[in-house]
Protein chains: 2
Amino acid sequence: MIVSTKGRYALRVMVNFAQRDSAEYVPLKEIAESEEISQKYLESIMAVLSKAGFVDAVHGKGGGYRLNRKPEEYTVGSILKLTEGSLAAVSCSSQGPAACSRTQCCQAKPMWDKLDKMIDDFFEGITIADLLSAYEG
Amino acid sequence: MIVSTKGRYALRVMVNFAQRDSAEYVPLKEIAESEEISQKYLESIMAVLSKAGFVDAVHGKGGGYRLNRKPEEYTVGSILKLTEGSLAAVSCSSQGPAACSRTQCCQAKPMWDKLDKMIDDFFEGITIADLLSAYEG
DNA sequence: GGTTTACCTAGTAAGTCTGTAGGTAATATA
DNA sequence: TATATTACCTACAGACTTACTAGGTAAACC
């Protein structure tokens with residue numbers, strides 16, 4: 001599996017926002033109920049989206065969250081990379097602690113690299129606006 | 001991440017076999033040392049490959065494992081699906097306990113389906129023979 | 001001051017990943 | 001027949017991830 005509930009919930013929430021009046025702030029509670037997602041769990045997801053500047057947030061009554069760009073300006077890739085951390089097909093090809101010592105001689109490396117690029121291109125080619133209009137590829 | 005060490009080890013082992021005399025049986029110990037994989041962990045992977053008929057196995061001295069087809073007859077997809085269980089991009093689109101109740105109205109479903117097909121086509125289009133000859137796509 | 005909202009830290013039960021440990025069964029060789 | 005060599009089997013375990021829950025604090029509005 002490449003995309004967990006965290007990324008999928010983030011996408012659903014962004015689509016939900018996109019379906020509403022773009023000027024209106026919607027409280028987390030309302031989104032959570034509308035999407036049947038645990039309110040507390042959704043908090044952690046909204047925190048990520050808010051911190052990254054994907055949504056505006058205001059406190060207090062009448063507050064909540066709203067998109068700050070047009071739906072077509074959010075790629076699915078940008079949302080998934082933000083919430084999932086990485087969309088890499090294998091852990092070994094990345095830099096860092098999981099990096100593989102056989103990278104130099106790995107006969108599968110070009111395959112993983114090509115797959116990573118294919119997946120990235122795929123997700124970067126789809127926007128929230130595409131999902132809104134019942135995306136069919 | 002979509003492919004864990006289990007699947008990657010399986011691929012490496014299959015490539016290792018393909019580089020040897022196809023008639024010769026190679027003991028697990030030798031493969032494990034050659035690939036620097038834990039012998040005990042590799043046992044569990046070979047058990048899967050053997051049970052599925054991907055390799056022949058014989059007990060006793062002079063025994064071990066060997067391929068029973070030509071390298072070009074093993075797709076990467078068949079090996080990964082066998083060892084990983086599934087290559088699905090999301091858990092919710094599959095049948096079974098993880099199935100999503102929103103399948104009917106899910107606006108992202110066509111996207112996941114298309115991605116799954118893309119990944120499947122990708123892996124089914126590459127064979128062990130391709131990896132042998134330094135696959136470059 | 002009180003309500004409504006976002007924001008923050010911490011914990012946790014269940015599952016997965018990556019192995020280990022210790023045996024039994026089959027085959028070849030002496 | 002005895003012994004070594006190999007595959008095969010069951011069970012466990014520590015670290016990590018996933019998908020939450022619990023309980024607060026801070027900001028904005030009335």
Side-chain angles (χ1 to χ4, degrees), chain A residues 1-10 12-13 17 24-33 35-66 68 80 83-88 90-92 96-98 100, chain B residues 1-10 12-13 17 24-33 35-66 68 80 83-88 90-92 96-98 100:
Chain A
M1 215 204 359
I2 202 175
V3 180
S4 68
T5 60
K6 199 162 188 175
R8 298 204 310 272
Y9 285 178
R12 276 167 55 185
V13 166
F17 280 119
E24 175 198 7
Y25 284 97
V26 186
L28 183 136
K29 196 185 170 191
E30 190 178 327
I31 296 285
E33 282 169 2
E35 291 291 335
E36 293 171 302
I37 298 173
S38 149
Q39 202 169 315
K40 279 293 187 179
Y41 187 37
L42 188 54
E43 270 191 20
S44 66
I45 296 169
M46 292 313 300
V48 173
L49 290 169
S50 176
K51 202 171 286 182
F54 279 48
V55 294
D56 290 330
V58 297
H59 289 226
K61 189 156 194 173
Y65 300 95
R66 73 175 185 197
N68 55 22
L80 291 183
T83 50
E84 296 285 331
S86 164
L87 294 177
V90 290
S91 62
C92 55
C100 179
Chain B
M1 213 205 358
I2 201 174
V3 181
S4 69
T5 60
K6 199 163 188 175
R8 299 205 309 273
Y9 285 178
R12 276 166 57 185
V13 165
F17 279 120
E24 175 199 7
Y25 284 97
V26 187
L28 183 138
K29 195 185 168 190
E30 189 178 326
I31 295 287
E33 283 170 0
E35 291 289 338
E36 292 171 302
I37 297 172
S38 148
Q39 202 169 316
K40 279 292 187 181
Y41 188 37
L42 187 53
E43 269 190 19
S44 65
I45 296 169
M46 291 313 300
V48 174
L49 291 169
S50 177
K51 202 172 285 182
F54 280 48
V55 294
D56 291 329
V58 297
H59 288 226
K61 190 157 194 172
Y65 300 95
R66 73 175 185 197
N68 54 22
L80 290 183
T83 51
E84 295 285 330
S86 163
L87 295 176
V90 291
S91 62
C92 55
C100 179

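Values in this document were obtained by computation on a predicted structure and should not be read as measured data. The chains referred to below are lettered A, B, ... by the order of the sequence lines, with proteins before strands, and numbering in each begins at 1.
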_Straight-line distance of I31(B) CD1 to Y9(B) OH, nearest 0.5 Å_ = 14.5 Å
*Is any N or O donor-acceptor pair between the side chain of K40(B) and the base of dG22(C) shorter than 3.5 Å?*
yes
*How long is the line joining CD of E24(A) and C1' of dT5(C), in whole Å?*
15 Å
_So A57(B), base contact, sugar-phosphate only, or nothing? Heavy-atom distance under 4.0 Å._
sugar-phosphate
_Measuring from atom NZ of K40(A) to atom CD of E43(A), what distance do you get when rounded to the nearest 0.5 angstrom?_
4.5 Å
*Euclidean distance, atom NZ of residue K51(A) to atom P of dT9(C) [Å, nearest integer]*: 7 Å
*Go through dC7(C), dA6(C), dC9(D) for me and flag the one nearest to the L28(A) side chain.*
dA6(C)
*asked:* Using a heavy-atom cut-off of 4.0 Å across all strands, would you classify Y25(B) as base, sugar-phosphate, or nothing?
replied: nothing
*Expressed in angstrom and rounded to an integer, what is the separation of E43(B) atom CD from dG23(C) atom P?*
14 Å
*If only atom types and distance count, is the side chain of Q39(B) paired as donor or acceptor with the main-chain N or O of L28(B) below 3.5 Å?*
no
_Whole-Å distance separating the CG atom of L42(B) from the C1' atom of dA7(D)_ = 12 Å
_Could you tell me how far apart M46(B) (CE) and dA7(D) (C1') are, to the nearest whole angstrom?_
10 Å
_From C-beta outward on P27(A), which listed nucleotide comes closest to its side chain: dT29(C), dG22(C), dT5(C)?_
dT5(C)
*In terms of the nearest nucleotide of DNA chain D, which residue is placed more toward the 5' end: G62(A) or K29(B)?*
K29(B)
*asked:* Nearest whole Å is fine: how far is dA21(C) P from Q39(B) CD?
replied: 12 Å
*Contact class for S50(B) (heavy atom, under 4.0 Å): base, sugar-phosphate, or nothing?*
sugar-phosphate
*asked:* Please confirm whether the shortest side-chain N or O distance from Y41(B) to OP1 or OP2 of dC17(C) is below 4.0 Å.
replied: no
_On DNA chain D, compare the nucleotides closest to T5(A) and H59(A); which residue's is nearer the 5' end?_
T5(A)
*May I ask you to verify if any side-chain N or O of S4(B) is less than 4.0 angstrom from the OP1 or OP2 atom of dT18(C)?*
yes
*Rounded to whole angstrom units, what separation is found between the CD1 atom of I2(B) and the P atom of dC17(C)?*
13 Å
_Nearest-0.5 Å distance that lies between atom CD in E84(A) and atom CE in M1(B)_ = 12.0 Å
*Just how far, in rounded Å, is C1' of dG19(C) from CD1 of I45(B)?*
10 Å
*Kindly compute the distance separating OH (Y65(B)) from CG (L49(B)), expressed to the nearest 0.5 Å.*
9.0 Å
